[in-house]
Protein chains: 2
Amino acid sequence: AYHHKKEVNFSDRGMTLEQQINESNQYYLEKGIAVVHKKPTPIQIVKVDYPRRSKAVIKEAYFRQASTTDYNGVYQGFYLDFEAKETRNKTNFPLKNFHEHQIYHLDACLKQAGICFTIIGFTSLKRYFVTPASFVISKWHEKNSSSMTLEEIENNSIEIKSGFHPTLPYLEAVDQFIADRKMNNGK
Amino acid sequence: AYHHKKEVNFSDRGMTLEQQINESNQYYLEKGIAVVHKKPTPIQIVKVDYPRRSKAVIKEAYFRQASTTDYNGVYQGFYLDFEAKETRNKTNFPLKNFHEHQIYHLDACLKQAGICFTIIGFTSLKRYFVTPASFVISKWHEKNSSSMTLEEIENNSIEIKSGFHPTLPYLEAVDQFIADRKMNNGK
Ligand SMILES: [Mg+2]
Ligand SMILES: [Mg+2]
C-alpha cells in the first residue's frame with residue numbers, strides 16, 4: 001500500500017504557480033470534481049504553411065491582447081473565473097501585475113454571480129492565497145494604492161497549502177466562498 | 001429616431017455562425033447581460049523573434065488539439081458551455097462534425113451542472129438551433145447513428161431566429177433551459 005512519510009515536503013516541487021494550478025485542474029478533471037482549464041494565449045495567425053505529408057506550420061503570427069483571465073470553468077453548478085499571479089516579493093504584491101482587462105473581466109463576471117478570485121503565489125515564501133476578486137478590484141481602484149501588502153492579503157484571502165494531490169487545492173477556498181455566499185443570500 | 005422597415009431582412013448578413021455568435025457575445029457583454037468568450041485556438045509556440053523596435057513575431061508554431069468546446073462563460077450565475085457548428089446540408093447534421101474531446105468535455109461540464117449545448121446552423125436554410133448537449137451526447141453514443149436528422153433537431157432544440165441586436169439571440173434558448181431546470185429540480 002502507498003503511504004508517504006509526513007516529513008517529506010512535496011510542497012510545490014519547483015513548479016511554477018501555473019504548473020501547480022494546471023496539475024491541480026488535471027486532478028480535479030480526472031476525479032470528476034471540477035472542469036477548469038487554462039485559456040490558450042490568443043494569437044493572430046498571419047501565415048501558415050501546409051507541407052505535404054506533415055502537419056501545418058504557422059510561419060508568422062503575433063501575440064494578441066487577452067480579454068479575459070487565465071482560467072475559468074465549472075464546479076458544482078458554479079462558474080469559476082480566476083487569474084494566477086506570482087511574485088518573488090516577500091512583503092507585498094504590486095497591483096501593476098494586474099492588467100486593466102483582467103480587472104474589468106473579473107468585475108463583469110462578478111456581476112453575473114460568478115465565483116471570481118485570484119491565486120497569488122509568494123514564491124519566495126512558498127505561500128499561496130486565494131483572494132476574492134472583489135478585494136483585488138477595490139484595491140485596484142483605490143487612489144494612491146500601488147500594492148497589496150502581505151498583511152492585507154492574509155486578512156482578505158484564504159491561504160492554501162501546496163500539497164500532493166492536488167498540488168494546489170484551491171477548491172477548498174472555493175468551498176468556503178460558496179458557503180459564505182449561501183450564508184449571505186440563502187442561495 | 002431610429003426604426004427599420006419590417007421587410008428588411010437582416011438575417012445573418014452573410015456572416016458565418018461564429019461571427020454571428022461573436023457579435024452576439026459582444027452585444028451581451030456591452031449590455032452587461034452575460035460574459036461569454038470564444039476560446040483562442042491552442043497553439044504550441046516553438047520559435048519567437050524579438051525584433052528591435054517592433055513587436056514579437058512568432059516564426060514557428062503548430063496547432064494543438066483543443067480539449068474543450070469553443071465557447072464558455074457566465075450568465076446570471078449559470079456556467080454556459082457550448083460548441084458552434086454549421087452545415088450546408090439541408091436534411092441532417094453529420095455527427096462526425098463533433099470531435100470526441102468536445103463530447104467528453106460537454107459531458108464533464110453537464111456533470112458539474114453547467115448549461116451545455118450546441119448551436120447548430122443550417123446555413124443553406126438559414127435556420128439556427130440551440131440543442132441541449134444531453135441530446136447530442138446521446139445521439140453520439142448511439143450505435144449506427146451517423147447523423148441527427150433535421151426533424152430530430154427540430155424536436156429536441158429551441159430554434160432561434162437570426163436578428164439584429166443581438167445577431168443570434170441564443171440566450172433566449174438558455175432562459176428556457178434555466179426555466180426547465182427550475183421546474184424540474186426546484187433549484
Ligand atoms: Mg496569470
Ligand atoms: Mg466549432
Side-chain angles (χ1 to χ4, degrees), chain A residues 22 25-26 28-50 54-69 71-81 101 104-116 181 185 187, chain B residues 22 25-26 28-50 54-69 71-81 101 104-116 181 185 187:
Chain A
N22 295 345
N25 287 340
Q26 189 62 34
Y28 288 139
L29 185 66
E30 282 166 10
K31 297 285 180 187
I33 295 168
V35 182
V36 180
H37 288 278
K38 183 170 191 318
K39 293 196 189 159
T41 307
I43 302 285
Q44 185 202 355
I45 297 168
V46 175
K47 186 163 164 257
V48 184
D49 271 12
Y50 298 92
S54 73
K55 61 184 173 179
V57 190
I58 298 162
K59 292 297 228 177
E60 184 186 351
Y62 299 91
F63 295 100
R64 284 192 301 142
Q65 173 78 350
S67 46
T68 65
T69 47
Y71 295 92
N72 75 357
V74 60
Y75 171 56
Q76 296 181 1
F78 293 94
Y79 173 80
L80 307 187
D81 198 297
H101 73 265
Y104 285 8
H105 175 74
L106 287 168
D107 197 42
C109 292
L110 269 184
K111 291 193 170 107
Q112 291 300 324
I115 295 185
C116 306
R181 182 187 287 200
N185 63 14
K187 183 183 170 170
Chain B
N22 294 345
N25 287 340
Q26 189 62 33
Y28 289 139
L29 185 66
E30 282 166 8
K31 297 285 180 186
I33 295 168
V35 182
V36 181
H37 288 277
K38 185 172 191 317
K39 293 195 188 160
T41 307
I43 303 285
Q44 185 203 354
I45 297 167
V46 175
K47 185 161 165 257
V48 184
D49 271 12
Y50 298 92
S54 73
K55 61 185 172 178
V57 191
I58 298 162
K59 292 296 225 178
E60 184 186 350
Y62 299 91
F63 294 100
R64 283 191 302 142
Q65 173 77 351
S67 46
T68 65
T69 47
Y71 294 93
N72 74 357
V74 60
Y75 172 55
Q76 296 180 1
F78 293 94
Y79 173 79
L80 307 187
D81 198 295
H101 73 265
Y104 285 8
H105 175 73
L106 287 168
D107 197 42
C109 292
L110 269 185
K111 290 191 172 109
Q112 292 300 323
I115 294 184
C116 306
R181 181 186 286 199
N185 62 15
K187 182 182 170 172

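Keep in mind that the numbers below use all heavy atoms, side chains included, and drop hydrogens, waters and symmetry copies. We name chains A, B, ... by the order of the sequence lines, and we start the count at 1 in each one.
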Side chain / backbone / both / neither for B:K59 at chain A, heavy atoms under 4.5 Å = both

What residue in B:G32, B:A61, B:G114, B:S67 has the most heavy-atom pairs under 4.5 Å with chain A?
-> B:A61

Select one option (side chain, backbone, both, neither) describing which atoms of A:V46 are under 4.5 Å from chain B's heavy atoms.
-> neither

Structural part of A:I45 lying under 4.5 Å from a heavy atom of chain B | side chain

Can you tell me how far [atom2] of [Y] sits from [atom1] of [X], rounded to the nearest 0.5 angstrom?
{"X": "B:E60", "Y": "A:D49", "atom1": "CD", "atom2": "CG", "answer": "10.5 Å"}
{"X": "A:L80", "Y": "B:Y79", "atom1": "CG", "atom2": "OH", "answer": "9.5 Å"}
{"X": "B:C109", "Y": "A:H37", "atom1": "SG", "atom2": "NE2", "answer": "7.0 Å"}

Taking the six-membered ring of B:F63, is the NZ or CZ of A:K55 close enough (under 6.0 Å from the centre) and on axis enough (within 45°)?
-> no

Considering all heavy atoms of both residues, which atom of B:P40 and which atom of A:P42 are nearest to each other, and what is their separation?
-> CB-CA, 3.8 Å

On a heavy-atom basis, the closest approach of B:G77 and A:A113 is CA-CB, 3.7 Å

Any idea which of A:T41, A:I33, A:V48, A:L29 has the most non-hydrogen atom pairs under 4.5 angstrom with chain B?
-> A:I33

Test A:V74 against B:D81 for side chain to side chain contact (heavy atoms under 4.5 Å, CB included), laying out the working first.
-> CA-CA 9 Å; A:V74 60; B:D81 198 295; over 6 Å; no

Mind checking whether B:I58 and A:Y62 have side chains closer than 4.5 Å, heavy atoms only?
-> no

